[in-house]
Amino acid sequence: MPILVMKFGGTSVGSLDRIQRAAKRVGREVANGYDVIVIVSAMSGETNKLVGYVEETSPLFDAREYDAVVSSGENVTAGLMAMTLQEMDVPARSWQGWQVPVKTTSAHASARIEEIPNENILAKFGEGMKVAVVAGFQGISPEGRITTLGRGGSDTTAVAFAAAFGAERCDIYTDVDGVYTTDPRITAKARKLDRIAFEEMLELASLGAKVLQTRSVELAMRYNVKLRVLSSFEEPSDEAGTLVCAEEDIVESNVVAGVAYSREEAKLTLTHVEDRPGIAAAIFGPLADAGVNVDMIVQNISDAGMTDMTFSCPVNEVKRAEKALKDARDAGEMGFAELIADTEVAKVSIVGIGMRSHAGVAAKMFKTLRDEGINIKVITTSEIKVSVLIDRKYMELAVQALHDAFELDKAA
């Protein structure tokens, strides 16, 4: 039998009624001739509640016990989903991560999947089981301890299972009906995309789009797993949702596929830094050691052997960045005159594989922002992306203006 992977997020299984709705979708796919692997998240709000219990019990908690507690939400959903399917006369069984087993690294709370042997589940399919309901977000370490994959880890679990079992497709059911050209809450002109390339989705996910977890898209691209993002609250159809696939599977696409944004950004500038070999390593090494996620980096022109260095990071990591840099200066690893933090900025990006072969895309973006009176503080580019850092108060205006300028409300 062909295998289909179906993943249901927290809102899709947030109550017994919603679990029943999801189970009916699974039942339809079984009737269509599939053996189905269902990956489930914890019921909406459950993981946050469990994390709160952990933090209240032990502020400096043992990461191994953290994983033992927070992984339990998915176990509950898996059992309830399996029972619901059984009540529908669909042969189903729930599986926790260690039972599969989903083999991971030992990095608790942020483990990575290393291997998913498929013999156990395939044997049960051979014995007549039609649905394996697997608890997402979790696995087992080489030491035999429960691990979790980090927030959004159920998406990664689903794609990893699709790759391990050679699934025909991986359907991600969520509370949105697909991938849009930008956030519909910011512009009513946002259009749902029928298809989007892996590379475009990866950039959008990393730049702030919340539809799919970045690691899940990376896995899908590496193993060429076709992903479909669709709503669990709409009637199913062959045309529903957005298909995330290889570039060659897309006949035509716009030069720019979408506009992404990240609201909670900060810009830090080190002034009067010595311009010498190794200075970048002296600055960004301590930041990496402190776990600061540095994004955009600009070094100004050297003047009399001195330079300024500017970079961006999430606004909630500013204090950690400031401490790491001041500690490095105090230790004599490098020097700077002043550390200036601007915590009122946002990142706005345009993404599209068509940018590789079309000139003038960046110029059009910059002209659009100029016409709206929006000053650009930092710019970074790749083959298929241009990102700018701007004042946060202009973020929504920038998104709307760029969406209009590149006519993203119109299909190619």
Side-chain angles (χ1 to χ4, degrees), residues 59-60 110 203 206-208 214 259-351 361-363 365-383 385-399 401-402:
L60 299 174
S110 59
E203 288 284 10
S206 66
L207 292 168
T214 306
V259 182
Y261 66 88
S262 177
R263 190 186 305 272
E264 303 301 321
E265 297 287 324
K267 177 173 73 77
L268 282 79
T269 300
L270 298 175
T271 65
H272 213 62
V273 176
E274 186 181 359
D275 190 9
R276 59 172 173 80
I279 189 62
I283 292 171
F284 295 106
L287 291 170
D289 293 341
V292 177
N293 184 22
V294 173
D295 182 19
M296 310 165 85
I297 302 173
V298 174
Q299 182 175 351
N300 292 346
I301 297 172
S302 177
D303 179 25
M306 308 303 286
T307 186
D308 294 345
M309 189 79 77
T310 297
F311 64 91
S312 68
C313 71
V315 72
N316 61 357
E317 296 179 6
V318 168
K319 291 191 183 304
R320 206 185 317 163
E322 289 175 334
K323 183 178 186 306
L325 291 169
K326 288 173 181 176
D327 287 350
R329 180 178 63 179
D330 293 344
E333 296 173 16
M334 54 87 179
F336 57 87
E338 193 176 3
L339 173 53
I340 304 168
D342 181 354
T343 57
E344 296 295 328
V345 297
K347 179 171 60 179
V348 176
S349 311
I350 56 172
V351 174
V361 177
M365 179 185 190
F366 303 151
K367 180 179 182 300
T368 300
L369 296 176
R370 180 202 68 190
D371 291 347
E372 297 293 341
I374 300 171
N375 184 46
I376 298 171
K377 296 173 179 286
V378 181
I379 303 168
T380 186
T381 65
S382 74
E383 268 194 320
K385 171 200 76 178
V386 182
S387 294
V388 296
L389 216 57
I390 61 174
D391 284 328
R392 190 176 300 150
K393 63 184 178 182
Y394 296 123
M395 187 198 76
E396 293 192 9
L397 174 61
V399 170
L402 291 169

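Here, residue 1 is the first one in the sequence, and each next residue gets the next number.
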* Asked: Does the side chain of N316 come within less than 4.5 Å of E264's, by heavy atoms?
  -> no
* **For the student: nearest non-hydrogen atoms of I279 and E274, plus distance** => CG1-O, 3.3 Å
* Structure fact -> In short, P286 meets A281 closest at the heavy-atom pair CD-O, 3.9 Å
* To do: Identify the heavy atoms of D308 and H272 that sit nearest to each other, and give their distance.
  => OD1-N, 2.9 Å
* Structure fact -> Smallest heavy-atom separation, E265 atom then A346 atom, equals CB-CA, 4.3 Å
* Taking the side chain as every heavy atom from C-beta outward, state whether V273 and Q299 have any atom pair closer than 4.5 Å. => no
* Looking only at heavy atoms, which two atoms of L325 and F336 are closest? And how far apart? -> O-CE2, 3.7 Å
* Structure fact -> Here the gap from M309 atom CE to T269 atom OG1, rounded to the nearest 0.5 Å, amounts to 11.0 Å
* **4.5 Å side-chain heavy-atom contact, D391 and N375** => no
* Under the side chain to side chain contact (heavy atoms under 4.5 Å, CB included) criterion, do V298 and N300 qualify, and how do the steps go? -> CA-CA 6 Å; V298 174; N300 292 346; 4.1 Å; yes
* Got more than 12 heavy atoms from elsewhere within 6.0 Å of OH, Y394? -> no
* List the steps and the verdict of salt bridge (charged side-chain N to carboxylate O under 4.0 Å, His left out) for D371 and K367. => CA-CA 6 Å; D371 291 347; K367 180 179 182 300; 3.1 Å; yes
* To do: Without swapping roles, check the side chain of R392 against the backbone of R263 for a donor-acceptor pair under 3.5 Å.
  => yes
* **Nearest atoms (heavy-atom pairs only) where G291 meets R320** => O-NH1, 3.1 Å
* To do: Given side chain to side chain contact (heavy atoms under 4.5 Å, CB included), test K377 with S312 step by step and report yes or no.
  => CA-CA 10 Å; K377 296 173 179 286; S312 68; over 6 Å; no
* Asked: Out of curiosity, L287 CG to F311 CZ, how far, rounded to the nearest 0.5 Å?
  -> 4.5 Å
* Asked: Going through the checks in order, is the side chain to side chain contact (heavy atoms under 4.5 Å, CB included) test met by F284 and I297?
  -> CA-CA 10 Å; F284 295 106; I297 302 173; 3.8 Å; yes
* Asked: If you measure from OG1 on T343 to CG on L268, what distance do you get to the nearest 0.5 Å?
  -> 9.0 Å
* List the steps, then state whether side chain to side chain contact (heavy atoms under 4.5 Å, CB included) holds for V378 with T380. => CA-CA 7 Å; V378 181; T380 186; 5.7 Å; no
* Which value, rounded to the nearest 0.5 Å, describes the distance between E322 atom CD and I340 atom CD1? -> 11.5 Å
* Side-chain donor/acceptor of E317 to backbone N/O of N293, under 3.5 Å -> yes
* Within the distance-only criterion (no hydrogens, no angle test), does the side chain of R276 pair as donor or acceptor with the backbone N or O of G305 below 3.5 angstrom? -> no
* Asked: So how far is it from I379 CD1 to I390 CD1, rounded to the nearest 0.5 Å?
  -> 12.0 Å
* From E203 CD over to S349 OG, what is the distance, rounded to the nearest 0.5 angstrom? -> 8.0 Å
* Asked: Under 3.5 Å, is there a donor-acceptor pair between the side chain of T368 and the main chain of L402?
  -> no
* Side chains of L389 and K347: closer than 4.5 Å at any heavy-atom pair? -> yes
